[in-house]
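Take a look at the structure set out below.
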Amino acid sequence: MGDGAIGGDKGHTGAVTTAHPGVGTCTVCAQEGILGPTDLWTVETAEPPAHVRKLYDQAMVIDALATPNTFNVYYPPAGPRFTAEQLANARRSGITAVNLTVHGSNVAEKLNRIREVKDDIAENPDKLMLIERPSDLVRAKDQGLLGIIFGFQGLEFMQDDLTPIDRFADESVLIMQLTYNGESRIGSGCLATQAAAGLGEGGHEAVGHINRRRVIVDLAHSHPQTALDAAHASNTPIIVSHSACRAVYDHPRNQPDEVLRAVADGGGVFGIYMMPYLGQDPLYASQALFNRHLLHALNVCGEDHVGIGSDNSTTPVVFDDGYKRALKDMVSGRDEKGISAPLDGIGPFIVPGMNTPRRLEVVAWDLSKAGYADRVIEKVLGQNFQRVFAQVWAE
């Protein structure tokens, strides 16, 4: 195990300059070229050493929240089908499988989205496959395909009637996140502020139902008390597909160490995302800051219980004027719904240096530079999630 010296603090104490209109950055960052208008969100990274490339290419790589399609900021506008460019980037990513969010505000819309993705998979059998059981992950890896795992980000759409859990389990929705940011009968999301926050009556019912159908309980976006309640209620390992560590940066989307320990103690996996909520270093989430969260999670949870859920598309963000307009519109819409989190809109939803299809290879390289054994790197890249999926899903 390494000593945590990944991408150490460069000392962001210089005078402020202007890299983007209305955005300041320190002179150290400007000199290093990491916050310039051209270089900040570059899609290319240096070539890793041969041993890292070989390790990554051979590893089971699972991104616990990602998609080939446009994600978070819908620019370019997301179509119902994956484009040729998106499919090419998915293949280039080297990722074995992603937890793909099934969007929709109700049962009918979500079923329609599932049909669209299944049609995409059927039309691209040389690039995609649907993950329906643990052995499918091995087949996807062996065949060089991107495995699609259907997942939900919140069950609020069925809070008054949980019977659709059965229908969606039959449709191979294998990961069900209990809450989004707000409050519902299911439980409290991460932005809930009431004193009695936690897993609701509907949430207890949902956890039991999800367990019976051998589906994964996901606690991303949960209030910490909701996560602790659900961890206690679940009789199978749980995951937090995409979050980070509140001990590193105090943000409602990040979880305290108590939750990290509860996930690990139950045999589950805590996934670290590549999102603005990692913090500001000094303005945006940086690669070094992502690594601080990752190492903290490894120290708290242990090497068997940490993974990656980037919360991004496998196609890089192009941070141009069109994206900036779409980002502003997206944040305005979230504000109107009361679901916008602090740091929404500060910049693109990605970390500088990781805006590449092979971003998980960047993670492997950083862990290797920090002295972590190949064994640990492979677990973080996907083996930990694979183990939990094999424990919970039916073969």
Side-chain angles (χ1 to χ4, degrees), residues 4 6-7 9 12 64-65 72 153-154 177-183 187-199 203 217-232 234 238-266 268-312 334 338-347 349-351 354 363 380 384:
I6 294 182
D9 185 1
H12 299 280
L65 195 74
N72 291 315
Q153 285 201 64
Q177 181 179 304
L178 297 183
T179 69
Y180 197 65
N181 287 359
E183 183 73 33
S188 306
C190 63
L191 299 183
T193 57
Q194 64 271 31
L199 191 66
V217 174
D218 183 3
L219 300 174
H221 285 266
S222 291
H223 185 280
Q225 189 59 51
T226 303
L228 293 171
D229 292 346
H232 184 264
S234 179
I238 58 174
I239 69 169
V240 174
S241 60
H242 58 296
S243 186
C245 308
R246 198 168 292 189
V248 176
Y249 187 75
D250 189 2
H251 189 281
R253 281 287 286 108
N254 301 335
Q255 292 289 355
D257 286 356
E258 187 179 10
V259 171
L260 274 69
R261 293 189 189 97
V263 171
D265 289 347
V269 180
F270 190 89
I272 305 296
Y273 51 32
M274 301 175 183
M275 295 289 275
Y277 320 125
L278 294 168
Q280 296 173 278
D281 182 26
L283 295 173
Y284 305 102
S286 67
Q287 188 173 336
L289 190 52
F290 167 84
N291 286 318
R292 284 182 59 199
H293 283 272
L294 179 60
L295 265 62
H296 182 82
L298 283 166
N299 290 333
V300 173
C301 298
E303 66 184 58
D304 295 320
H305 304 287
V306 178
I308 307 297
S310 71
D311 203 349
N312 271 279
R334 287 169 65 84
I339 59 173
S340 188
L343 300 185
D344 273 353
I346 192 172
F349 281 71
I350 187 61
V351 173
M354 293 179 166
V363 175
V380 171
N384 286 339

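We count residues from 1, following the sequence as given.
Rounding to the nearest 0.5 Å places CD1 of Ile350 at 13.0 Å from OH of Tyr273. Summarising the geometry, atom CD1 belonging to Ile239 is positioned 11.0 Å from atom OG belonging to Ser234; distances are rounded to the nearest 0.5 Å. One finds the CG atom of Leu294 at 11.0 Å from the CZ atom of Phe270 (value rounded to the nearest 0.5 Å). To the nearest 0.5 Å, atoms CZ (Phe349) and CG (Asp344) are separated by 4.5 Å. One finds the CD1 atom of Ile238 at 12.0 Å from the CD atom of Gln177 (value rounded to the nearest 0.5 Å). Note that OH of Tyr249 is 9.0 Å distant from CG of Leu289, once rounded to the nearest 0.5 Å.
Judged by distance alone, with hydrogens and angles left aside, the side-chain atoms of Asp218 form a donor-acceptor pair with the main-chain N or O of Ser241 at under 3.5 Å. Between the side chain of Thr226 and the backbone N or O of Ser188 there is at least one donor-acceptor pair closer than 3.5 Å. Of the possible donor and acceptor atoms, one in the side chain of Asn312 sits under 3.5 Å from a partner among the backbone N and O of Met274. Here the side chain of Glu183 pairs no donor or acceptor atom with the backbone of Ala192 at under 3.5 angstrom. Counting only distance, with no hydrogens or angles, the side chain of Asn254 and the backbone of Asp250 share no donor-acceptor pair below 3.5 Å. Side chain of His305 to backbone of Gly268: a donor-acceptor contact under 3.5 angstrom is found. No donor-acceptor pair under 3.5 Å is formed between the side chain of Asn384 and the backbone N or O of Gly307. Checked by atom type and distance alone, the side chain of Asp257 never pairs as donor or acceptor with a backbone atom of Ala247 at under 3.5 Å.
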Checklist entry - Which is it for His296 and Asn299 under the side-chain contact (heavy atoms from CB on, under 4.5 Å) test, yes or no, and what are the steps along the way? => result CA-CA 5 Å; His296 182 82; Asn299 290 333; 5.5 Å; no
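With no hydrogens or angles considered, no side-chain donor-acceptor pair links Asn291 and Gln287 at under 3.5 Å.
Residues Arg334 and Asn181 have side chains in contact (heavy-atom distance under 4.5 Å, counting atoms from C-beta outward). Counting heavy atoms from C-beta outward, Pro224 and Arg246 have side chains that approach closer than 4.5 Å. Put simply, the side chain of Ile272 reaches to within 4.5 Å of the side chain of Phe290, judged on heavy atoms.
Screening His221, His251, His242 against Tyr277 for a ring-ring contact (aromatic ring centres under 6.0 Å, His included) leaves a single residue, His251.
Smallest separation of non-hydrogen atoms from Ala231 and Leu219: N-CD1, 4.3 Å. Among all heavy-atom pairs drawn from Arg253 and Cys190, the shortest one is CD-SG, 3.5 Å. For Gln280 against Ile346, the heavy-atom pair with the smallest separation is NE2-CD1, 3.2 Å. Here the shortest heavy-atom pairing between Ser340 and Leu191 reads O-CD1, 3.6 Å. When every heavy atom of Gln255 is checked against every heavy atom of Leu260, the shortest pair comes out as O-CD1, 3.6 Å. Closest approach of Ala227 and Val259 over heavy atoms only: CB-CG1, 3.9 Å.
No more than 12 heavy-atom neighbours from other residues, nucleotides or ligands sit within 6.0 angstrom of CD on Glu258.
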